[in-house]
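Take a look at the structure set out below.
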Amino acid sequence: MESFKYFFRGNIEHNNFIMFGKMHIFILSLMAIISVFILIKKNENRKIELFIGIILILQQVILYSWYFSSDTDLFKEGLPLYHCRIAIICISLGLILNKKHIMKIGSYLGIFGSIAALLFPGLDPFVFPHITQFSYFIGHLFLLWGSIYLLFVKNIGMTIVDFKNTIIFINIFHIMMAILNKYLGSNYAYISSSPINMGKSLNQIIYTVLVMIIFNLVLIVEYIFINKNILLQKYNKFENTNLKINTIK
């Protein structure tokens with residue numbers, strides 16, 4: 001019982017996680033191995049979809065149960081207004097309910113956000129082990145694997161309409177977060193400051209605009225890469241079909 005209470009403790013301490021230390025390297029290795037396996041296997045499976053969706057839902061439920069039971073300022077720290085939290089909710093609901101339009105939003109935001117979060121973790125101030133650390137890595141790992149599965153196995157794609165809607169959504173979202181952060185003293189979407197202290201010397205407005213530009217560029221690259229991948233798969237399928245026809249002849 002004491003170990004359980006310690007794991008879910010709420011008293012603020014300090015973050016002792018070593019970036020690119022042994023534990024971090026192990027997590028990154030696991031991230032890469034499973035990602036490559038998904039890409040090579042390319043096995044579309046409804047059970048896998050439900051498994052990823054349920055894990056992500058449970059991760060959010062447990063995290064928010066801790067938020068409500070601890071002394072954490074829920075409005076300042078706990079609202080689901082970070083890119084990855086939005087992506088996790090969208091992918092989990094999209095996979096469980098089999099709603100493609102929700103999957104798209106989650107995977108577009110999730111693939112870049114999860115990689116950045118795993119490479120440069122922005123952990124809460126607690127000494128390992130703590131629920132927030134396990135929740136952070138489990139959530140971002142399954143978010144990445146879910147995004148890869150949706151984009152490169154399920155091939156949900158990104159049409160020009162999807163691209164325009166996502167660009168409009170992300171820019172309006174960032175502007176709203178800049179206003180909300182100023183009001184709450186929060187840092188939702190990391191639009192006020194970087195979680196790894198990059199750009200600290202920049203003017204606040206310049207930093208915010210820079211973050212918005214980076215996300216727009218990322219979405220442009222995703223749009224080009226995703227569509228290039230789908231076109232390549234269609235071409236390969238067409239070539240294989242022609243080869244079979246010629247072989248029969």
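The chain is numbered in sequence order, starting from 1.
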Pair Leu144-Ser35, side chain to side chain contact (heavy atoms under 4.5 Å, CB included): steps then yes or no
CA-CA 8 Å; Leu144 175 62; Ser35 297; 3.7 Å; yes
From CA spacing to verdict: side chain to side chain contact (heavy atoms under 4.5 Å, CB included), Leu95, Phe51
CA-CA 9 Å; Leu95 286 171; Phe51 175 71; over 6 Å; no
Kindly indicate, with the supporting measurements, whether the criterion side chain to side chain contact (heavy atoms under 4.5 Å, CB included) is fulfilled by Ile175 and Met212.
CA-CA 9 Å; Ile175 292 168; Met212 292 177 71; 3.8 Å; yes
What's the verdict on side chain to side chain contact (heavy atoms under 4.5 Å, CB included) for Ile52 and Ile55, showing C-alpha distance, side-chain angles and the deciding distance?
CA-CA 5 Å; Ile52 294 173; Ile55 290 293; 5.9 Å; no
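Shown here is Phe20, whose CZ atom has more than 12 heavy atoms of other residues, nucleotides or ligands within 6.0 Å. More than 12 heavy atoms of other shown residues, nucleotides or ligands fall within 6.0 angstrom of atom OH in Tyr64.
You'll find the ring centres of Phe126 and Trp66 inside the 6.0 Å limit. Checked against a 6.0 Å centroid threshold, the rings of His83 and Phe173 count as neighbours. For Phe128 and Phe17, the ring centers are positioned 6.0 Å apart or more.
In plain terms, the two heavy atoms of Ala189 and His174 that are nearest each other are CB-CD2, 4.2 Å. Considering all non-hydrogen atoms of both residues, Met103 and Asn98 come closest at CE-OD1, 3.5 Å. Across Asn203 and Ile205, no two heavy atoms sit closer than the pair OD1-N, 2.8 Å. The shortest non-hydrogen separation linking Ile89 to Pro80 is CD1-CB, 3.8 Å. Residues Ile111 and Ile148 share a closest heavy-atom pair of CD1-CG1, 4.1 Å. The shortest heavy-atom contact between Tyr190 and Val211 is O-CG2, 4.2 Å.
For the pair Tyr188 (side chain) and Leu79 (backbone), a donor-acceptor distance under 3.5 Å is present. Judged by distance alone, the side chain of Ser69 and the main-chain N or O of Ser65 form a donor-acceptor pair under 3.5 Å. Judged by distance alone, the side chain of Asn16 and the main-chain N or O of Val127 form no donor-acceptor pair under 3.5 Å. Under a 3.5 Å cut-off, the side chain of His24 and the backbone N or O of Leu118 do form a donor-acceptor pair. A donor-acceptor contact shorter than 3.5 Å is absent between the side chain of Tyr108 and the backbone of Leu219. At least one donor-acceptor pair closer than 3.5 Å links the side chain of Thr208 to the backbone N or O of Ile191.
How far CD1 of Ile25 is from NZ of Lys22: 11.5 Å, rounded to the nearest 0.5 Å. With rounding to the nearest 0.5 angstrom, the OG atom of Ser114 is 4.5 Å from the CG atom of Leu143. Here CG of Leu141 is found 8.5 Å from CG of Leu28. Values are rounded to the nearest 0.5 Å. Annotation: the span from Ile131 atom CD1 to Tyr6 atom OH amounts to 14.0 Å, rounded to 0.5 Å. For the atom pair CD1 of Ile167 and CD1 of Ile170, the computed distance is 8.5 Å after rounding to the nearest 0.5 Å. Note: Ile156 CD1 to Ile102 CD1 = 11.5 Å, rounded to the nearest 0.5 Å.
With 3.5 Å as the limit, one finds a donor-acceptor pair spanning the side chains of Glu49 and Tyr149.
Under a 4.5 Å side-chain heavy-atom criterion applied to ILVMFWY residues, the cluster that includes Leu50 comprises that residue alone.
Cluster annotation: Val221 and Leu151 are assigned to distinct hydrophobic clusters (Ile/Leu/Val/Met/Phe/Trp/Tyr, side-chain heavy-atom contacts under 4.5 Å, transitive). The cluster map of Ile, Leu, Val, Met, Phe, Trp and Tyr, joined by side-chain heavy atoms under 4.5 Å apart, puts Met19 and Ile115 in the same cluster. Linking Ile, Leu, Val, Met, Phe, Trp and Tyr residues whenever their side-chain heavy atoms come within less than 4.5 Å places Val209 and Leu217 in a single cluster. Put simply, Ile18 and Phe120 are part of two different groups of oily side chains (I, L, V, M, F, W, Y) that touch within less than 4.5 Å, one to the next. Grouping the Ile, Leu, Val, Met, Phe, Trp and Tyr side chains by contacts below 4.5 angstrom, directly or via other members, places Ile172 with Val218.
In this structure the side chain of Phe163 reaches within 4.5 angstrom of the side chain of Ile160, judged on heavy atoms. Ser194 places a side-chain heavy atom less than 4.5 Å from the side chain of Tyr207. Two residues are said to be in side-chain contact when any heavy atoms from C-beta on lie closer than 4.5 Å; Phe152 and Ile38 fail this criterion. With a 4.5 Å cut-off on side-chain heavy atoms, Ser186 and Glu77 do not count as touching. Here the side chains of Arg85 and Leu81 are not in contact, with every heavy-atom distance at 4.5 Å or above. Side-chain contact between Met158 and Lys104: absent, with no pair of heavy atoms (C-beta onward) separated by less than 4.5 Å. Contact annotation: the side chain of Leu93 approaches that of Ile57 to within less than 4.5 Å [non-hydrogen atoms, C-beta and beyond]. Taking 4.5 Å as the limit, every side-chain heavy atom of Asp124 sits out of range of all side-chain heavy atoms of His130.
For the side-chain contact (heavy atoms from CB on, under 4.5 Å) criterion with Phe137, the lone passing option out of Leu30, Thr132, Leu123 is Leu123.
In terms of the salt bridge (charged side-chain N to carboxylate O under 4.0 Å, His left out) criterion, Glu222 has no residue partners (sequence neighbours excluded). Scanning for salt bridge (charged side-chain N to carboxylate O under 4.0 Å, His left out) contacts around Glu44 gives Lys154, with sequence neighbours left out.
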